[in-house]
Amino acid sequence: MKNKAVAEIFRQIGEILEIQGENPFRIRAYLRAAQSIESLNRDIAKLAAEEKLKEIPGIGKDLAEKIKEIVNTGKLKFYEQLRDSVPEGLTLLMSVPGIGPKSAKLLYEHLKIRNINDLEQQALAHQIRILPGFKEKTEENILRGIALIKKAKERMPLAVALATAEEFTDSLKKIKQVEQIEPAGSLRRRKETVRDIDILVSSRQPKKIMDTFTKLVQVKEILAQGPTKSSVLTKEGIQVDLRVVQPKSFGAALLYFTGCKEHNIKLRQMAAKKGVKINEYGLFKKNKWLAGKKEQDIYKLLKLNPIAPELREDQGELEAALKAQLPELLELTDIKGDLHLHSQWSDGAHSLGELVRAAKVKGYQYIAITDHSQSVRIAHGLSPERLKRQIAAIAKLNKKFKGIKILAGSEVDIKSDGSLDFPDRILKQLDLVIAAVHSGFKQSQEQLTQRITRAMENKYVNIIAHPSGRLLGQREPYALDMEAVLKQAKKTGTWMEISAFPDRLDLIDINCRRAKELGAQMAISTDSHLLSHLDYMYLGVSVARRGWLEKKDVANTLPLEKFLQAVKKKR
DNA sequence: GCCGTTTTCGGCCCGACTGTTTTCAGTCG
């Protein structure tokens with residue numbers, strides 16, 4: 001929780017310093033620190049208390065002191081003074097595409113423009129073209145920029161981005177001049193939310209590609225169109241950028257457009273130390289092209305093991321690649337079963353038989369039926385009597401279906417005091433128990449942490465489902481001492497669920513990585529309520545990969561017999 | 001402001017595009 005707050009303050013400081021025309025490297029230090037803290041998998045307050053802040057990349061003596069001040073007092077004097085020195089909202093001007101720190105400053109100093117409304121009015125009144133270096137075209141661009149932020153979506157969930165990207169790549173693949181095509185950017189890194197969609201194409205005839213792209217039916221508006229780069233807005237308000245390079249540069253360009261930015265910067269620094277240069281066209285010694293067709297070729301020349309896109313966040317992956325210590329990341333095909341499924345018995349849409357057949361098509365060795373427990377009334381939770389009947393029904397199905405084991409399970413509600421919705425004598429009859437919080441989200445961090453860690457002590461509880469409770473773009477995670485929960489997971493042998501459901505993706509990536517460090521295990525499940533939801537498993541795998549997880553870190557990669565043993569181990 | 005198998009001071013990724021300019025600054029990724 002605190003991490004986000006600290007990162008936000010540093011980001012604000014960076015932006016204000018930009019407007020003030022400070023040393024660009026000092027600005028970058030703040031912005032880099034912000035990013036570093038945001039993707040940290042430890043609680044910043046704890047690190048501060050342990051005097052370990054300087055271990056965070058990008059944090060030195062000065063910033064460590066500032067973090068301590070924020071953690072201890074809830075505010076930062078330096079920031080407050082800085083904030084008072086510029087009008088409120090001025091940094092917001094920079095959110096308009098085309099307006100950077102220099103323009104923002106100029107607009108304020110000459111025209112007293114201090115927010116986007118002012119900006120729009122002055123542009124409409126043709127007052128901006130009076131400024132030095134500004135003319136009609138700039139005015140038009142400002143108005144377009146404002147219209148764009150009004151229209152364009154904020155970040156969208158990964159699943160939406162992937163579907164949109166696929167629509168575009170499917171259309172573009174039909175052009176015969178397209179040699180290779182690949183979505184890049186944060187989408188390729190499988191970040192949980194994505195701002196815009198970057199697509200890279202290699203072709204010897206870029207113009208042909210651009211013409212087709214900007215005329216696709218999905219396109220509502222063309223934002224920019226050049227010979228090798230174009231941007232459009234879809235009907236849904238999603239920005240899609242297309243870039244075309246020569247086949248010789250496809251790998252170098254893919255590396256560059258995939259990012260993240262800090263990963264690229266560090267990579268280029270490493271290259272510079274070896275006396276070579278990397279840009280989006282390739283790796284060069286003097287002016288001689290040495291590599292660029294494939295990403296791996298470039299990593300190889302820098303003596304780095306190839307790095308999966310999901311790891312490229314400048315979180316130690318380059319250092320690990322140098323030492324050949326990268327994880328062997330989990331693959332979708334490693335998953336042997338789905339452990340969180342709802343049927344018609346509670347709030348799912350399909351019968352048990354339909355679920356089993358669909359799971360068989362997926363090639364799973366086992367699935368768990370985990371309908372809600374009695375307290376979750378809104379989801380038609382099962383009473384002990386109904387659960388008993390369901391267990392019998394599942395036993396019958398196991399006789400009927402060969403080649404797949406159906407586990408009788410339950411998603412048992414963790415009540416507000418940490419007790420479970422079913423007594424042990426009932427849980428005992430189940431093959432697999434998932435426990436989850438479904439109410440009382442407003443409890444204090446202490447209460448919630450205690451509630452969940454207490455549930456984990458129950459020997460029948462195998463998995464904690466969607467541990468943070470967040471819903472992307474809809475509900476913040478509840479207050480939880482995740483470090484304590486993950487330690488409890490290790491101690492009790494309880495698995496942490498990575499919910500592959502698109503709105504959840506919870507446990508989140510950075511906590512997966514921390515869980516692994518602490519020796520805890522995960523389980524990836526879809527929380528399906530419809531048959532089509534079974535397909536979401538790949539999203540959970542993406543989260544796991546971003547969390548550096550390997551096959552051995554995920555319980556449902558085990559083949560049936562070993563998995564059943566693992567389930568019983570806690571009892 | 002950070003950081004160090006060249007450095008505790010002097011570096012800090014690299015290029016495209018745009019609009020405004022006659023050679024470049026600002027912005028973006």
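Naming convention: chains lettered A, B, ... in sequence-line order (proteins, then strands); numbering from 1 in each chain. Both backbone and side-chain heavy atoms feed into the values below; hydrogens, waters and symmetry mates do not. Just so we're clear, the structure is a prediction, and the values are computed from it rather than from any experiment.
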Colleague: Nearest-Å distance, CG (A/Leu283) to C1' (B/dC14)?
Modeller: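 Taking atom C1' of B/dC14 as the reference, CG of A/Leu283 is at 13 Å.
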Colleague: Is it possible for you to check whether A/Lys248 lies under 6.0 Å from the centre of the six-membered ring of A/Trp289, through NZ or CZ, and within 45° of that ring's axis?
Modeller: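 Because its charged atom sits under 6.0 Å from the ring centre and within 45° of the axis, A/Lys248 does stack over A/Trp289.
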Colleague: Regarding A/Pro101, tell me which of base, sugar-phosphate or nothing describes its non-hydrogen contacts under 4.0 Å with the strands shown.
Modeller: sugar-phosphate
Colleague: Nearest to the side chain of A/Arg243, which nucleotide is it out of B/dG29, B/dT27, B/dT20?
Modeller: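 Minimum distance to the A/Arg243 side chain belongs to B/dG29.
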Colleague: Indicate, with a heavy-atom threshold strictly under 4.0 Å, whether A/Ile27 touches base, sugar-phosphate, or nothing.
Modeller: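 No contact at all - A/Ile27 keeps every heavy atom at 4.0 Å or more from the nucleic acid.
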Colleague: Would you find more than 12 non-hydrogen atoms of other residues, nucleotides or ligands less than 6.0 Å from A/Lys46 atom NZ?
Modeller: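 Yes, enclosed.
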Colleague: In whole angstroms, how far is the C1' atom of B/dT20 from the CD atom of A/Glu136?
Modeller: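 Checked: the CD to C1' distance equals 12 Å.
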Colleague: Looking for any heavy atom pair under 4.0 Å, which part of the strands does A/Gly58 touch: base, sugar-phosphate only, or nothing?
Modeller: sugar-phosphate
Colleague: Closer than 4.0 Å, any side-chain N/O of A/Ser231 to the OP1 or OP2 of B/dC17?
Modeller: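 Checking B/dC17 against A/Ser231, no side-chain N or O comes under 4.0 Å of OP1 or OP2.
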Colleague: With the side chain of A/Lys137 defined as its heavy atoms from C-beta on, choose the nearest nucleotide among B/dC17, B/dG15, B/dG19.
Modeller: B/dG19
Colleague: Identify which nucleotide among B/dG1, B/dG26, B/dC13 has an atom closest to any side-chain atom of A/Arg28, counting heavy atoms from C-beta outward.
Modeller: B/dC13
Colleague: A/Phe501: which residues meet the ring pair (Phe, Tyr, Trp, His ring centres under 6.0 Å) condition with it, sequence neighbours left out?
Modeller: A/His533, A/Tyr536
Colleague: Without decimals, in angstroms, what is the distance between A/Glu18 CD and B/dA25 C1'?
Modeller: 15 Å
Colleague: Are side-chain heavy atoms of A/Leu40 and A/Ile510 found at a separation under 4.5 Å?
Modeller: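 Heavy-atom side-chain distance check fails, nothing below 4.5 Å.
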Colleague: To the nearest 0.5 angstrom, please state how far the CD1 atom of A/Ile116 sits from the CD atom of A/Gln121.
Modeller: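 If I round to the nearest 0.5 Å, the distance is 12.5 Å.
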Colleague: Counting only non-hydrogen atoms, which of residues 187-215 of chain A are less than 4.0 Å from DNA chain B?
Modeller: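 Nothing qualifies; none.
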Colleague: If you look at every strand shown and take non-hydrogen atoms under 4.0 Å, does A/Leu267 touch a base, only sugar-phosphate, or nothing?
Modeller: nothing
Colleague: Kindly say whether, by distance alone, the side chain of A/Tyr281 makes a donor-acceptor pair under 3.5 Å with the base of B/dG15?
Modeller: no
Colleague: The side chain of A/Lys135 lies closest to which of these nucleotides: B/dT21, B/dG15, B/dT18?
Modeller: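 The answer is B/dT21, which lies nearest to the side chain.
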Colleague: Of all the choices, B/dG19, B/dG1, B/dA16, which nucleotide is nearest to the side chain of A/Glu280 once you look at every atom?
Modeller: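 Selected nucleotide: B/dA16.
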Colleague: Taking the P atom in each of B/dG29 and B/dT23, what is the distance between them to the nearest angstrom?
Modeller: 29 Å
Colleague: By nearest heavy atom, map A/Gly100 and A/Lys61 onto DNA chain B; which one lands nearer the 5' end?
Modeller: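 Its nearest nucleotide lies further toward 5', so the answer is A/Lys61.
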Colleague: In terms of side-chain heavy atoms of A/Tyr256, which of B/dG29, B/dG1, B/dT27 is nearest?
Modeller: B/dG29
Colleague: Got a donor-acceptor pair under 3.5 Å from the side chain of A/Asn23 to the base of B/dG1?
Modeller: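 When only heavy-atom distances are counted, A/Asn23 does reach the base of B/dG1 through a donor-acceptor pair under 3.5 Å.
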Colleague: Which nucleotide sits closest to the side chain of A/Leu63: B/dG19, B/dC2, B/dC17?
Modeller: B/dC2
Colleague: When you measure from the side chain of A/Thr258 to the backbone of A/Leu255, do you find a donor-acceptor pair of N or O atoms at a distance under 3.5 Å?
Modeller: no
Colleague: Please state whether the phosphate of B/dC13, meaning OP1 or OP2, lies under 4.0 angstrom from any side-chain nitrogen or oxygen of A/Asn264.
Modeller: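 Answer no for this pair, as no side-chain N or O of A/Asn264 is under 4.0 Å from OP1 or OP2.
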Colleague: Pick the C1' atom in B/dG15 and in B/dT22, then give their distance to the nearest Å.
Modeller: 22 Å
Colleague: What is the distance, rounded to the nearest whole Å, between atom CD of A/Glu139 and atom P of B/dG19?
Modeller: 14 Å
Colleague: Looking only at atom P, what distance separates B/dA16 and B/dG11, rounded to whole Å?
Modeller: 25 Å
Colleague: What nucleic acid atoms does A/Val96 come within less than 4.0 Å of, heavy atoms only: base, sugar-phosphate, or nothing?
Modeller: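 The answer is sugar-phosphate, as A/Val96 gets under 4.0 Å only of primed atoms, P, OP1 or OP2.
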Colleague: When you check the side-chain N and O atoms of A/His263 and A/Glu317, is any donor under 3.5 Å from an acceptor?
Modeller: yes
Colleague: Run the salt-bridge test on A/Glu313 and A/Arg546 with the 4.0 Å N-O cut-off and return the result as yes or no.
Modeller: yes
Colleague: A/Lys102 has a side chain; which of B/dC13, B/dC2, B/dG26 sits nearest to it?
Modeller: B/dG26
Colleague: Using atom C1' of each nucleotide, how far apart are B/dC14 and B/dT8 to the nearest Å?
Modeller: 28 Å
Colleague: Rounded to whole Å, please give me the gap between CD1 in A/Ile265 and C1' in B/dC3.
Modeller: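 After rounding, the reported distance stands at 15 Å.
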Colleague: For A/Lys277, report the nucleic acid contact type (base, sugar-phosphate, nothing); a contact means any heavy atom under 4.0 Å.
Modeller: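 It contacts sugar-phosphate atoms only.
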Colleague: Expressed as a whole number of angstroms, how long is the span from A/Leu223:CG to B/dC17:P?
Modeller: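 One finds 16 Å between P of B/dC17 and CG of A/Leu223, rounded.
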Colleague: In whole angstrom, give me the gap between the P atoms of B/dT6 and B/dC12.
Modeller: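 Taking atom P in both B/dT6 and B/dC12, they lie 16 Å apart.
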Colleague: Examine the side chains of A/Ser499 and A/Asp506 and answer whether a donor and an acceptor come within less than 3.5 Å of each other.
Modeller: no
Colleague: Is any side-chain N or O of A/Lys66 closer than 4.0 Å to OP1 or OP2 of B/dG1?
Modeller: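 Result: yes.
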Colleague: Take the protein atom CD1 of A/Ile142 and the nucleotide atom P of B/dT20, then report the distance between them rounded to whole Å.
Modeller: 10 Å
Colleague: Give a yes or no answer on whether the side chain of A/Asn72 reaches the backbone of A/Lys68 with a donor-acceptor pair at less than 3.5 Å.
Modeller: yes
Colleague: Given A/Arg204, which of A/Gln177, A/Glu179, A/Gln246 fulfils the side chain to side chain donor-acceptor pair (under 3.5 Å) condition?
Modeller: A/Glu179
Colleague: Is there a Watson-Crick or G-U wobble partner for B/dG10 with both distances under 3.5 Å, and which nucleotide is it?
Modeller: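 Its partner is B/dC3.
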Colleague: Could you state the NZ-P distance from A/Lys261 to B/dC13, rounded to the nearest angstrom?
Modeller: 10 Å
Colleague: For DNA chain B, determine which residues of residues 284-322 of chain A have any heavy atom closer than 4.0 angstrom to one of its atoms, and list them numerically.
Modeller: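 Of all residues in residues 284-322 of chain A, none places a heavy atom under 4.0 Å from DNA chain B.
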Colleague: Check whether any side-chain nitrogen or oxygen of A/Arg268 sits under 4.0 Å from OP1 or OP2 of B/dC13, and answer yes or no.
Modeller: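 Negative; the distance criterion is not met.
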Colleague: Please report the distance separating the C1' of B/dT5 from the corresponding atom of B/dG19, rounded so that it comes out in whole Å.
Modeller: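 Those two atoms are separated by 46 Å.
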Colleague: Taking the P atom in each of B/dT20 and B/dC13, what is the distance between them to the nearest angstrom?
Modeller: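 Approximately 30 Å lies between the P atom of B/dT20 and that of B/dC13.
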Colleague: Would one find a side-chain N or O of A/Ser103 under 4.0 angstrom from OP1 or OP2 of B/dT27?
Modeller: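 Yes, within the criterion.
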Colleague: So, OP1 or OP2 of B/dT18: does either fall under 4.0 Å of a side-chain N or O from A/Thr138?
Modeller: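 For B/dT18, neither OP1 nor OP2 has a side-chain N or O of A/Thr138 closer than 4.0 Å.
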Colleague: Would you say A/Gln239 and A/Asp241 are linked by a side-chain donor-acceptor pair, where the criterion is simply a distance under 3.5 Å?
Modeller: yes
Colleague: May I ask you to check whether A/Ser39 and A/Gln315 show a side-chain donor-acceptor distance below 3.5 Å?
Modeller: yes
